[in-house]
A.B. asks: 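Let me give you the structure first, and then I'll get to my questions.
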Number of protein chains: 2
Amino acid sequence: MGHEVLAVVLQVRDHVLSVLLWQRARPPYEGGWALPGGALGVAEGLGPSIRRQLKQKVDVRELTHLEQLETRGAPDRHPLTRVLATAYLGLIPAGVDPLTPEDTRWHPADRLPDMAFDHAELVDSGRRRLRSKLSYTNIGFALAPPVFTLSELTDYYRAALGYEVSATNLQRVLLRRGQIQPTGASAPPGRYGGRPAALYRFRVRELEVTDAFAVLRPPGRIAPQVG
Amino acid sequence: MGHEVLAVVLQVRDHVLSVLLWQRARPPYEGGWALPGGALGVAEGLGPSIRRQLKQKVDVRELTHLEQLETRGAPDRHPLTRVLATAYLGLIPAGVDPLTPEDTRWHPADRLPDMAFDHAELVDSGRRRLRSKLSYTNIGFALAPPVFTLSELTDYYRAALGYEVSATNLQRVLLRRGQIQPTGASAPPGRYGGRPAALYRFRVRELEVTDAFAVLRPPGRIAPQVG
DNA sequence: GATGTTTTCGACTTCTGGTCGAAAACCCAG
DNA sequence: CTGGGTTTTCGACCAGAAGTCGAAAACATC
């Protein structure tokens with residue numbers, strides 16, 4: 001009964017939420033697309049293992065976030081042997097384009113190719129996780145480069161959420177929650193001019209949960225961190 | 001490299017969030033308290049396995065909710081061999097008192113006894129999961145009996161969340177979200193009288209996510225399901 | 001300098017949740 | 001059966017968060 005680790009690596013590429021896949025050259029599922037990953041080493045932890053495996057497909061230094069997603073153990077999920085799989089969700093900020101091997105491609109997350117094993121379900125699971133965490137955590141930092149304009153950030157949110165997002169609301173909400181702050185600088189205007197956009201950065205670049213959203217907050221209200 | 005499944009089974013008992021534990025009779029961690037669970041069968045899925053294992057400690061028909069929590073794979077989490085563990089979160093509604101074996105007891109979730117392996121961390125993980133899901137899902141149904149008064153429901157929420165909850169707010173919020181609905185009947189008043197409490201039930205007794213809480217809701221607003 | 005483009009900001013509105021206190025509906029004691 | 005105690009329920013009011021809209025700001029090109 002083997003155990004493997006897999007990763008759903010997501011990135012907003014060219015306005016589209018995309019997932020990193022590689023094409024299998026051998027059966028089973030020859031020609032099918034699969035998530036990066038591989039067998040867990042005998043004395044290896046799950047987290048270290050997925051980082052090691054990912055190195056074969058992408059530059060892991062670009063990974064801004066990595067968290068465990070779920071473990072699949074259906075006896076027939078692999079047609080030949082019994083393999084449990086623990087899947088991780090990894091995020092890469094927009095803007096960078098990490099080197100990848102020949103067999104590896106980015107695919108739009110909502111139009112997957114022929115997928116091997118149960119990997120399509122895992123991709124969906126990752127998308128749902130990202131979607132929901134965007135609303136009650138600061139996980140947006142993992143989708144955005146260190147510095148960005150509000151239009152760009154709005155675009156990352158729209159791509160990840162799958163629906164239109166209002167830049168005005170996004171700005172107000174993230175500012176009030178203390179997630180983003182202006183750097184002071186501004187970006188050069190685009191091709192046809194327009195007001196130069198202010199540059200922002202995430203105040204904290206690691207996962208934090210927004211404590212709002214309780215049926216009833218604890219009596220001693222925590223003062224909201226406003227700039 | 002073995003694999004086991006474990007369950008953090010929670011129930012509000014006598015106003016206190018409690019977890020089901022059994023006391024180990026043999027090393028390692030002799031005398032320490034552990035989560036129910038055991039080795040995964042060779043041709044057994046994870047979900048079926050945890051249900052099978054739980055039967056040895058509690059009546060699984062009382063379980064109103066069961067979901068995967070996380071998988072632990074640190075090489076040294078078991079002192080003798082390598083064992084991966086996939087933990088589940090199980091919930092039992094208040095009011096029932098399932099039969100349990102001699103070695104098994106309910107313990108307050110915030111004052112755990114000497115725990116075996118990494119099981120204390122898993123209990124905390126389960127508590128956090130429950131806490132957060134109480135605010136953006138209807139998971140309260142799994143803590144409450146089929147029919148309940150608002151005072152009782154408030155008590156379950158208070159016990160699970162760890163802080164005081166206002167019955168007025170809870171009622172308004174859950175009604176507006178369409179999670180609960182009055183049955184029409186009312187409960188008999190208590191020992192010293194008092195207005196008889198109206199009885200409520202959860203409209204749906206399986207997990208549903210409340211779609212509120214988006215940075216920006218999708219344009220076509222879903223009409224809130226109000227009674 | 002006029003026009004077009006993009007960003008930013010403020011004003012207004014709506015929705016959700018928090019607080020409080022009065023009224024309702026019961027019990028019991030005298 | 002009347003008054004006091006108890007618990008639940010409900011309405012009124014307020015604060016805060018979010019949605020919508022449009023005008024103003026700051027650039028470019030012609």
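Keep in mind that the numbers below use all heavy atoms, side chains included, and drop hydrogens, waters and symmetry copies. A note on names: the letters A, B, ... follow the listed sequences, proteins ahead of strands, and every chain is numbered from 1.
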A.B. asks: Using modelled atom types and a 3.5 Å cut-off, is there a donor and acceptor pairing between side-chain atoms of Glu62(A) and backbone atoms of Asp59(A)?
C.D. replies: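 It does not hold such a pair.
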A.B. asks: Can you check whether any acceptor in the base of dG18(C) is under 3.5 Å from a donor in the side chain of Arg172(B), or vice versa?
C.D. replies: yes
A.B. asks: Remember a base hit wins even if backbone is also touched, and classify Ala198(B) as base, sugar-phosphate or nothing at under 4.0 Å, heavy atoms.
C.D. replies: sugar-phosphate
A.B. asks: For the pair made of CG in Leu175(B) and C1' in dT9(D), what is the distance, rounded to whole Å?
C.D. replies: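 So the two atoms are 12 Å apart, to the nearest Å.
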A.B. asks: Nearest whole angstrom, please: distance from the P of dG19(D) to the CG of Leu170(A).
C.D. replies: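 So the two atoms are 10 Å apart, to the nearest Å.
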A.B. asks: Output yes when Glu4(B) and Arg77(B) qualify as a salt bridge under the 4.0 Å nitrogen-oxygen rule, no when they do not.
C.D. replies: yes
A.B. asks: Report yes if at least one side-chain N or O of Arg176(A) is closer than 4.0 Å to OP1 or OP2 of dA18(D); otherwise report no.
C.D. replies: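 Answer yes for this pair, as a side-chain N or O of Arg176(A) is under 4.0 Å from OP1 or OP2.
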A.B. asks: Taking CG from Leu161(A) and P from dG19(D), how many angstroms apart are they, rounded to a whole number?
C.D. replies: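 It is 12 Å, rounded to the nearest whole Å.
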A.B. asks: Does a side-chain N or O from Ser166(B) land closer than 4.0 Å to OP1 or OP2 of dG18(C), or not?
C.D. replies: no
A.B. asks: dG18(C) phosphate, OP1 or OP2: any side-chain N/O from Asn169(B) under 4.0 angstrom?
C.D. replies: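 Answer yes for this pair, as a side-chain N or O of Asn169(B) is under 4.0 Å from OP1 or OP2.
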A.B. asks: For the side chain of Arg195(B), counting heavy atoms from C-beta on, which of dA25(C), dG10(C), dT7(C) is nearest?
C.D. replies: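 Among the listed nucleotides, the one closest to the side chain of Arg195(B) is dA25(C).
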A.B. asks: How many whole angstroms separate atom CG of Leu150(A) from atom C1' of dA25(D)?
C.D. replies: 16 Å
A.B. asks: How long is the gap from CZ on Arg127(A) to CG on Leu10(A), to the nearest 0.5 Å?
C.D. replies: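 Answer for the CZ-CG pair, Arg127(A) versus Leu10(A), is 8.5 Å.
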A.B. asks: In whole Å, what is the span from the CG atom of Asp155(B) to the C1' atom of dT8(D)?
C.D. replies: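 The answer, rounded to whole Å, is 15 Å.
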A.B. asks: Send over the distance from Tyr136(B) OH to dG17(C) P, rounded to a whole Å.
C.D. replies: 16 Å
A.B. asks: Both Ser151(A) and Tyr192(B) contact DNA chain C. Taking the nearest nucleotide for each, which residue is further toward the 5' end?
C.D. replies: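 That would be Ser151(A).
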A.B. asks: Among the nucleotides dA18(D), dT20(D), dA26(D), which one has an atom lying closest to any side-chain atom of Pro196(A)?
C.D. replies: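 Looking only at side-chain atoms, Pro196(A) lies closest to dA26(D).
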A.B. asks: Considering only dA18(D), dC10(D), dC9(C), which nucleotide approaches the side chain of Val173(A) most closely?
C.D. replies: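 In terms of side-chain proximity for Val173(A), the closest of dA18(D), dC10(D), dC9(C) is dA18(D).
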A.B. asks: Do the side chain of Arg177(B) and the main chain of Tyr136(B) share a donor and acceptor less than 3.5 angstrom apart?
C.D. replies: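 Side chain of Arg177(B) to backbone of Tyr136(B): no pair is present.
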A.B. asks: Starting at CD of Glu152(A) and ending at C1' of dT7(C), how long is that distance when rounded to a whole Å?
C.D. replies: 12 Å
A.B. asks: Count the heavy atoms of every other residue, nucleotide or ligand shown that sit under 6.0 Å from CZ of Arg129(B), and state whether that count exceeds 12.
C.D. replies: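 Atom CZ in Arg129(B) is crowded, with more than 12 foreign heavy atoms closer than 6.0 Å.
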A.B. asks: Starting the side chain at C-beta, find the nucleotide from dT8(C), dC9(C), dT16(C) nearest to Ala197(A).
C.D. replies: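 Looking only at heavy atoms from C-beta outward on Ala197(A), the closest nucleotide is dT8(C).
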A.B. asks: Does a nitrogen or oxygen in the side chain of Gln171(B) sit under 4.0 Å from OP1 or OP2 of dC10(D)?
C.D. replies: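 True: Gln171(B) side-chain N/O within range (under 4.0 Å) of dC10(D) OP1/OP2.
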A.B. asks: Taking CG from Leu199(B) and C1' from dT7(D), how many angstroms apart are they, rounded to a whole number?
C.D. replies: 14 Å
